[in-house]
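To start, the structure under review is shown below, and the notes come after it.
If you're wondering where the values come from, they're calculated on a predicted model, not measured in any experiment. Lettering of chains follows the sequences in order, A, B, ..., and the numbering in each one begins at 1.
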There are 2 protein chains.
Amino acid sequence: MQGRVAAKLDQEIAMPRRAPTQQRSRERVERMLAAAAALIAEQGSDAMRMGEVAERAGVSIGSLYQFFPDKRAIVWALAERYTAESQACISAALKDVSDAEGLKQAFSELVDIYYGMFLAEPVMRDIWSGTQADKALRELELADSRANARFLVAVLKRLRPGADTVAMETAALLVWQMGEAVMRLAISVDREEGDRLVAAYKRMALRELVEG
Amino acid sequence: MQGRVAAKLDQEIAMPRRAPTQQRSRERVERMLAAAAALIAEQGSDAMRMGEVAERAGVSIGSLYQFFPDKRAIVWALAERYTAESQACISAALKDVSDAEGLKQAFSELVDIYYGMFLAEPVMRDIWSGTQADKALRELELADSRANARFLVAVLKRLRPGADTVAMETAALLVWQMGEAVMRLAISVDREEGDRLVAAYKRMALRELVEG
DNA sequence: TTGCAAACATGAGGATTACTCATATTAAGA
DNA sequence: TCTTAATATGAGTAATCCTCATGTTTGCAA
């Protein structure tokens, strides 16, 4: 992304400049996000132009900047929604796992769901592909991975009560971040190889999680 | 990165617009790359300004564009040098490996060297952190991973002559790309956790490579 | 109902920056 | 020495993010 924006060396977390309080403005903010998502789906977030977002949302450029301090903040807001959704999903899937077989099943399903989302959701794919270049997004992804790792650690503690907690936390975080990397890789090669890579990752991660 | 450049939807591979043939211009190109590297080390490649690169290299902005079609091309040229260097290093380290113990030792050393480079080389760190956002760089990294994976596969074939080649290739590529991801993660958390993550990755990858 | 403050809306314009191009200069071969 | 291709220059172009002065609407208390 972004000329001016990137020049700012202090990449502070991008938050809404002003939270919309009225019904009218809340709807307008929704339209802005929807327009941004559509444009990202069409051309990618780098090619997304603020003027185009405003136009498509039916608002002025000024209104856009009333609620989003800069371009990154829009992408961040979309990313945050995705992480919130997926965290809920992951938490639910792992909540009741109590044995190795259950973990295998749940983890395998989660990976498939994630892979499917990466394949099908251009917006998500674009955002998480560009993650590494943006500090705020990188931090969001890391926080997300840590949260997901905690769900995994909870399961692991039930499976292997005796094992070292720090080692478990390390393994869980590793497994999760590797997963993100594998997804990015898998969607950038042809489908067949992508499938193989995801399957291999699944096997590898499960071995690590189950056997320690 | 960057306004105009990013807007170009056809992200063709960035190659020197004109190869310097005279001694004079070759030296100037070297100065440009050195200036770019210095600026990236200081502020990161996003904050690197073309005008600043030219000024620091002691050339005009026009000369810069004589040899590099755009900003990405400069970063790409630097990245390419790093991959060429590291590939030579990896090839050498794996060339004479013939048993599991040797693989463990060689792989472990390579990971340590890589990790050390990520920690110590701000330019390399910056470039590979931003990799995902730039198609040309992503392709370079993938090509690099594939090349390195081939070295690994050669070793694996010696270790386990009977095993499935495609599975080996998948595992090797996976291990390598995961390694890149782990390095990026490791340098973005505190040193202690980073060390733990790298160690866990090493163990995990070796188990996959040795045991299949 | 009315008045008022705060929230919201607007878009022309400022500022930055990647990149071009017409022109001038230098090197290399005939 | 002459000619041509390579190289050098930097003021100017275009694209785009973001600001801000000004106008409008909403919620609410008197």
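- B/Glu109 and B/Gln105 share no donor-acceptor pair across their side chains, judged by distance under 3.5 Å alone.
- Of the two residues near DNA chain D, A/Gly51 and A/Gly62, the one whose nearest nucleotide lies more 5' is A/Gly51.
- The aromatic rings of A/Trp176 and A/Phe107 sit perpendicular, their planes meeting at an angle over 60°, well past the 30° parallel limit.
- Put simply, A/Arg28 has no side-chain N or O that comes within less than 4.0 Å of OP1 or OP2 on C/dC8.
- Rounded to whole Å, atom C1' of C/dC19 lies 14 Å from atom CZ of B/Arg72.
- With C/dT10, D/dT7, C/dC8 as the choices, the nucleotide that has an atom nearest any side-chain atom of B/Ser25 turns out to be D/dT7.
- To the nearest angstrom, P of C/dT16 lies 15 Å from NZ of B/Lys71.
- Per the geometry, CD belonging to A/Glu27 stands 14 Å off C1' belonging to C/dC8, to the nearest Å.
- Nearest nucleotide to the side chain of B/Ile61, out of D/dA11, C/dT10, D/dT9: D/dA11.
- In this model, the phosphate group of D/dC17 is approached by a side-chain N or O of A/Arg49 to a distance below 4.0 Å at OP1 or OP2.
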- request: Evaluate the criterion side chain to side chain donor-acceptor pair (under 3.5 Å) for residue pair A/Tyr65 and A/Asp70; output intermediate values, then yes/no.
  value: CA-CA 7 Å; A/Tyr65 281 93; A/Asp70 56 37; over 6 Å; no
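- Checking the phosphate oxygens (OP1, OP2) of D/dT7, a side-chain nitrogen or oxygen of B/Arg18 falls inside 4.0 Å.
- In this structure, B/Asp70 places its CG atom 8 Å from P of C/dT20, rounding to the nearest Å.
- An OP1 or OP2 oxygen of D/dT9 is reached within less than 4.0 angstrom by a side-chain nitrogen or oxygen of B/Ser63.
- If you check every strand for non-hydrogen atoms under 4.0 Å, A/Thr21 touches sugar and phosphate atoms only.
- Considering only the side chain of A/Met50, D/dC17 comes nearest among D/dC17, C/dC8, D/dA8.
- Nearest nucleotide to the side chain of A/Tyr65, out of D/dA8, D/dT26, D/dT19: D/dT19.
- Evaluation of atom-type donor-acceptor distances gives a pair under 3.5 Å for the side chain of A/Gln66 against the base of C/dA9.
- The nearest whole Å value for the distance from the CG atom in B/Leu64 to the C1' atom in D/dA8 is 12 Å.
- Closest to the side chain of A/Val59, from the set C/dC19, C/dT10, C/dA7, is C/dT10.
- A sub-4.0 Å separation between OP1 or OP2 of D/dA8 and a side-chain N or O of B/Arg31 is absent.
- Taking each heavy atom of B/Leu140 and B/Glu80 in turn, the nearest pair found is CD2-N, 3.8 Å.
- Going from atom CZ of A/Arg24 over to atom C1' of C/dA6 covers 12 Å, rounded to whole Å.
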- request: Mind running salt bridge (charged side-chain N to carboxylate O under 4.0 Å, His left out) on A/Glu208 and B/Arg203 for me, showing each step along the way?
  value: CA-CA 10 Å; A/Glu208 176 71 16; B/Arg203 200 175 33 70; 3.0 Å; yes
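- Side-chain N/O atoms of A/Arg28 and A/Ser63 include a donor and acceptor closer than 3.5 Å.
- What separates CD of A/Gln23 from C1' of D/dT26 is a distance of 13 Å, to the nearest Å.
- As a whole-Å value, the separation of A/Phe68 CZ from D/dT19 P is 15 Å.
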